[in-house]
**Student:** 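First the structure, then my questions, so here it is.
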Amino acid sequence: MEITQKEVEHVAKLARLDIGEDEKGTFARQLSAVLTYMDQLKEVETAGVEPTTTVLPAVNVFRDDVVRPSLPREQALANAPEQSEGFFSVPRILEDR
Amino acid sequence: MSLHRLTLSELQQEFSEAKVSAVEIAQAFSKRLALVEPKVKAFISPAKKETLLAEAKAIDLKLRGWRRTSPLMAMPIAIKDNICTEGVKTTCGSRMLETFVPPYDATVVSRFRSQDYFLIGKTNLDEFAMGSSTENSAFGPTRNPWNQAHIPGGSSGGSAAAVAADLCVAALGSDTGGSIRQPAACCGVVGLKPTYGRVSRYGLVAFASSLDQIGTLTKDVRDAAMLLKVIAGHDPQDSTSADVVVPDYSKSLKTSMRGMKVGVPKEFFTDGMDPEVEQAVRAAIEQMKDLKAEIKEISLPMTKYAVAVYYVIATAEASSNLARYDGVRYGVRAAKEKGLLEMYTKTRQEGFGAEVKRRIMLGTYALSAGYYEAYYGKAQAVRTLIKRDFDEAFKEVDIIVTPTMPTPAFQLGEKVQDPLQMYLSDIFTISVNLAGVPAIAVPCGLSAARLPIGVQIIGRAFEEEKVLRAAYAYEQATEWHKKRPGLSW
């Protein structure tokens, strides 16, 4: 499967990556090579084969809903690039009109 | 006596019998670090001498009067830098987490800590464990202790090199597609990937959650058995950790393979494979025959699709797992940004290296509208067929023996520009993760260029005992595990 620079731009946008102009060509070439390799999966007959999402028997794990100590706020915030008044701080989300 | 030369079980014995103090161990390994680490660069964060000595003094003091030691007490163990250590920087080899100091220990680490082990350092890795050579680390490559021009393998290359260069007595790594076994083979040490679910992943920074597993890198098989006993078992903090009894693995070690049926899959010995690797692995199989194992040719016909399946599933899971790096709760944030969306995209662009971006892009593509069924759905179905191959094979044999890596360690820089060639170096290890079964890499030879070769032994889910038994019997019948690199550059 060949992928174009335009598709690279689209995927980068979905992945929240601001890739540079210089990288687009390289990514298109490298991703095309890998996707072409992956295309060999098409020759495998998989009609009626259940997909494997995990190798373990998937069972739901329940626990009692009891209050337990958790990470103190200062520790939870300690690695944040920016914090303010006990909260994580992010750039403004809503535009001024 | 050179303490750094000893295996874990040997050093443990010296210490428990009070032939050596914790301070002496700390001093010996600090000295070794100062001497050898500048050549090998196995660590992102090596332990400080003062820290080790302070911990050592506290241990020696605690043991005054009544000498009651725990198995890992004062044992210098290295931890891969994608496993969280409270208060000690955990970078995942990424600029993104350059400043990240975890507020808690991974379950495996808290088990070590409760036994008063020495954290000798956090080891180098390919960024977020994505790679096969440790060249994708944001903090520079690690050298193979056998030859500085060659890679140590990856992604647990720092852990493997640290064990091979006697910088620690043992190490932990993580294995998503071969990241413990492949570097173990490259560096001539023992690498064990347990069954998926055998060891808690709590505190292991997620790469591909249905494949990731923590395991050990050690100087011999006995040490692997001993460490696995400590890290294995159910953990309420990881609901995918299995509630299966943990046996005393050391008791399964025997010097005979009598009664064991060994499968040799023909698909793992193909035309054009490296002749030195083929010869060494065939010799290992002959040795197992001499140890009274019954050898049988088997077939794992889906093997040839394993790399394709893996790079769809692993990248899809990675693209989802790595969405959390958004510059809000931890890690770096791009300096000048206008608005939230730009903050995300610039942070991720600056924080991630090329291979991580490539894999996020691949995974995002495989999961995107219009391609989901063709790639992700298809890969999951073929994964089922790969697992069935193993189920069928294990009806006839107890263990499966294969090469670990197609070639001895390649040169630094050799495959950096060609991602597909790099991915193909995992061809013999990847299907094991897809099937979720345990496997070990054990040294089985040296190439003419004096680079190690490893044989891989694969077992049924939760049958690490058989894997370890076979590995131990083979290892004890050979001298390969005693070979150490000269480090003469």
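The figures that follow rest on heavy atoms only: side chains count, while hydrogens, waters and symmetry mates do not. Here is the naming used below: chain letters follow the sequence lines, and residue numbers restart at 1 for every chain.
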**Student:** Establish, from distance only, whether the side-chain atoms of B:Tyr305 and A:Glu43 form a donor-acceptor pair under 3.5 Å.
**Tutor:**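 Yes.
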
**Student:** With only heavy atoms counted, which part of B:Leu367 is less than 4.5 Å from chain A, the side chain, the backbone, both or neither?
**Tutor:**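 For B:Leu367, neither part sits under 4.5 Å from chain A.
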
**Student:** Of the listed residues (B:Val328, B:Leu420, B:Val382), which shares the most heavy-atom pairs with chain A below a 4.5 Å separation?
**Tutor:**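 With the most close heavy-atom pairs to chain A, the winner is B:Val328.
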
**Student:** A:Ala15 versus chain B, heavy atoms under 4.5 Å apart: side chain, backbone, both or neither?
**Tutor:**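 Contact with chain B is through both the backbone and side chain of A:Ala15.
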
**Student:** In sequence, state the C-alpha distance, the side-chain angles, and the governing distance for B:Glu355 and B:Arg359, and then conclude on salt bridge (charged side-chain N to carboxylate O under 4.0 Å, His left out).
**Tutor:** CA-CA 6 Å; B:Glu355 179 61 21; B:Arg359 294 205 194 184; 2.7 Å; yes

**Student:** Is it the side chain or the backbone of B:Ala461 that comes within 4.5 Å of chain A heavy atoms, both, or neither?
**Tutor:**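 No part of B:Ala461 comes within 4.5 Å of chain A.
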
**Student:** Output the distance between atom NE2 (A:His10) and atom CE (B:Met361), rounded to the nearest 0.5 Å.
**Tutor:**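 Rounded to the nearest 0.5 Å, the NE2-CE separation comes out at 10.5 Å.
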
**Student:** With only heavy atoms counted, which part of A:Ile3 is less than 4.5 Å from chain B, the side chain, the backbone, both or neither?
**Tutor:**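 Side chain only.
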
**Student:** Quick one: does any side-chain atom of B:Asp238 pair with a main-chain N or O of B:Arg201 as donor and acceptor, under 3.5 Å?
**Tutor:**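 Looks like yes, one N/O pair under 3.5 Å.
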
**Student:** Given a strict heavy-atom distance threshold of 4.5 Å, which part of A:Thr53 is in contact with chain B: side chain, backbone, both, or neither?
**Tutor:**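 Its backbone and side chain both get close to chain B.
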
**Student:** Does any N or O in the side chain of B:Asn82 come within less than 3.5 Å of the main-chain N or O of B:Phe128, such that one atom is a donor and the other an acceptor?
**Tutor:**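 Absent.
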
**Student:** Give a yes or no on whether A:Phe88 atom CZ has more than 12 heavy-atom contacts from other residues, nucleotides or ligands under 6.0 Å away.
**Tutor:**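 More than 12 within 6.0 Å, yes.
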
**Student:** Distance from A:Ile19 atom CD1 to B:Arg358 atom CZ, nearest 0.5 Å?
**Tutor:**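 Going from the CD1 atom of A:Ile19 to the CZ atom of B:Arg358 covers 11.5 Å.
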
**Student:** Taking every heavy-atom pair that is under 4.5 Å apart, which of B:Pro236, B:Ser210, B:Pro419, B:Gly363 has the most such pairs with chain A?
**Tutor:**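 Most pairs with chain A among the choices: B:Pro419.
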
**Student:** Top residue by heavy-atom pair count (under 4.5 Å) with chain A, among B:Ile313, B:Ile360, B:Leu362?
**Tutor:**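 Of the options given, most contacts go to B:Leu362.
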
**Student:** I would like to know whether B:Tyr310 and B:Thr176 meet side chain to side chain contact (heavy atoms under 4.5 Å, CB included); could you show each step before the answer?
**Tutor:** CA-CA 9 Å; B:Tyr310 175 86; B:Thr176 305; 3.5 Å; yes

**Student:** Shorter than 4.5 Å, heavy atoms on both sides: which option in A:Thr26, A:Val8, A:Leu77, A:Leu31 has the most such pairs with chain B?
**Tutor:**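 Top option by heavy-atom pairs under 4.5 Å: A:Leu31.
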
**Student:** I'd like to know if B:Arg95 and B:Glu98 make a salt bridge, using a cut-off of under 4.0 Å between side-chain N and carboxylate O.
**Tutor:**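 Result for this pair is yes, salt bridge flagged.
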
**Student:** Quick one: does any side-chain atom of A:Glu45 pair with a main-chain N or O of A:Ala47 as donor and acceptor, under 3.5 Å?
**Tutor:**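 It does hold such a pair.
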
**Student:** Run the salt-bridge test on B:Glu267 and B:Lys304 with the 4.0 Å N-O cut-off and return the result as yes or no.
**Tutor:**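 Salt bridge absent between B:Glu267 and B:Lys304.
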
**Student:** So which part of A:Glu50 gets closer than 4.5 Å to some heavy atom of chain B, the side chain, the backbone, both or neither?
**Tutor:**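 Just the backbone, heavy atoms under 4.5 Å.
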
**Student:** Below 4.5 Å, heavy-atom pairs only: which of B:Tyr196, B:Tyr104, B:Tyr365 has the largest tally toward chain A?
**Tutor:**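 Highest number of pairs under 4.5 Å: B:Tyr365.
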
**Student:** Under 3.5 Å, side chain of B:Thr240 to main-chain N/O of B:Gly197, donor-acceptor pair present?
**Tutor:**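 Here the side-chain-to-backbone pair does not exist.
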
**Student:** If you check every heavy atom in residues 61-73 of chain A against those of chain B, which residues fall under 4.5 Å?
**Tutor:**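 Within residues 61-73 of chain A, near chain B: A:Val61, A:Leu71.
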
**Student:** Using a 4.5 angstrom heavy-atom cutoff, name the option from A:Val49, A:Leu41, A:Thr54, A:Val34 with the most pairs to chain B.
**Tutor:**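 Top count of heavy-atom pairs under 4.5 Å with chain B: A:Leu41.
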
**Student:** Look at A:Pro51, A:Pro81, A:Ala80 and state which one has the largest set of heavy-atom pairs under 4.5 Å with chain B.
**Tutor:**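 Counting heavy-atom pairs under 4.5 Å, the top option is A:Pro81.
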
